[in-house]
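Counting starts at 1 for both ligands and their atoms, following the listed order. Values below: all heavy atoms of this structure, side chains included; hydrogens, waters and symmetry mates excluded.
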Amino acid sequence: MKETVRVLIPEDKVDERIAQLGAQISQDYVGRQVHLIGILKGSIFFICELAKRITVPVTMDFMSVSSYGSGTKSSGVVKLIKDLDEPINGKEVVVVEDIIDSGRTLSYLLKNLSDRHPASIRLCTLLDKPERREVDVEVDYQGFRIPDEFVVGYGLDYDQRYRNLPYIGVLSLTEE
Ligand code: IMP
Ligand code: MG
């Protein structure tokens, strides 16, 4: 199969939107400290840029999960690969994700994290594919709504590749 990537959201637009999200979070958390939780590996590029744009004190931690599913669909059965390093009780948590698709991974994660008694918990995603939603999740900060297409870049992968593209692109597979 031949893989081609078409630009969906160029680098300058992604950076501009992340700066806006950072400004919004900075405003919403004035006088408080934000604890960003990045979901590995997809959110790494996003969380780095976002954190640089937040002007209130920031701490960060990371979690890695894998969802068992057939092919491109996640089943909602989530396996914890790497847990947080620190407890989150009493912290103002913002979960940072690359994309919300069915919502199953996030719904598991939000429940898991809420059980640890943070002071508050909000969700920030770079991309959202609302058409694909199977489980309701409340999104507090959203970068872009995108159509139901498979995207790569800015942390998002296909078979672990393309994460390093500085833009968001749509991947298509064609017979060679
Ligand atoms: P959900 O449980 O279906 O919401 O799964 C979300 C996860 O699936 C994301 O964190 C991504 O890792 C992956 N994913 C969903 N859509 C895409 C896509 O278009 N490109 C790359 N990864 C995706
Ligand atoms: Mg992910």
Quick one: does Ile100 get an N or O within less than 3.5 Å of an N or O on ligand 1?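 The answer is no, given that Ile100 and ligand 1 share no N or O pair closer than 3.5 Å.
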Using a plain distance cutoff, I'd like to know if Gly103 has any nitrogen or oxygen under 3.5 Å from a nitrogen or oxygen of ligand 1.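 Indeed, backbone or side chain, Gly103 has an N or O that close.
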So is [X] in contact with ligand 1, going by heavy-atom distances below 4.0 Å?
X: Glu134; answer: no
X: Val152; answer: no
X: Arg132; answer: no
X: Gly42; answer: no

Plane angle bin for Tyr141 and Tyr29 - parallel if under 30°, tilted between 30 and 60°, otherwise perpendicular: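 Ring orientation of Tyr29 relative to Tyr141: tilted.
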Using the rule given for salt bridge (Lys or Arg N to Asp or Glu O under 4.0 Å), can you reason through Lys2 versus Glu176, listing the C-alpha separation, both sets of side-chain angles and the distance that settles it, and then say yes or no? CA-CA 6 Å; Lys2 185 165 172 271; Glu176 282 190 89; over 6 Å; no
[X] (side chain) donor-acceptor with [Y] (main chain) under 3.5 angstrom:
X: Ser26; Y: Thr55; result: yes
X: Arg104; Y: Glu134; result: no
X: Lys129; Y: Glu149; result: yes

Give the atoms of ligand 1, by number and element, whose distance to some non-hydrogen atom of [X] is under 4.0 Å.
X: Glu97; answer: 10 (O)
X: Lys129; answer: 16 (N), 17 (C), 18 (C), 19 (O)
X: Glu149; answer: 19 (O)
X: Arg104; answer: 2 (O), 4 (O)
X: Thr105; answer: 1 (P), 2 (O), 5 (O)

Under the criterion side-chain contact (heavy atoms from CB on, under 4.5 Å), which of Val151, Ile168, Leu165 is the partner of Val5?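 Considering Val151, Ile168, Leu165, a side-chain contact (heavy atoms from CB on, under 4.5 Å) with Val5 is found only for Leu165.
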At a non-hydrogen distance cut-off of under 4.0 Å, which region of Leu156 contacts ligand 1 (side chain, backbone, both, or neither)?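 Answer for Leu156: side chain.
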Once you restrict to heavy atoms under 4.0 Å, what part of Asp157 touches ligand 1? Side chain, backbone, both or neither.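 The backbone, only.
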Given Gly153, Ser107, Ser102, which one has a non-hydrogen atom that is nearest to atom 1 (P) of ligand 1?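 Considering heavy atoms of Gly153, Ser107, Ser102, the nearest to atom 1 (P) of ligand 1 sits in Ser102.
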Pick one: which of Asp128, Asp101, Asp148 meets salt bridge (charged side-chain N to carboxylate O under 4.0 Å, His left out) with Arg133?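 So, applying the salt bridge (charged side-chain N to carboxylate O under 4.0 Å, His left out) to Arg133 and each of Asp128, Asp101, Asp148, only Asp128 qualifies.
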Please give me the minimum heavy-atom distance between Phe45 and Arg163, naming the atom from each residue.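 Residues Phe45 and Arg163, closest heavy atoms: CE1-O, 3.5 Å.
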Do you reckon Val135 sits in the same ILVMFWY cluster as Leu109, going by side-chain contacts under 4.5 Å, direct or chained?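 No, no single cluster joins them.
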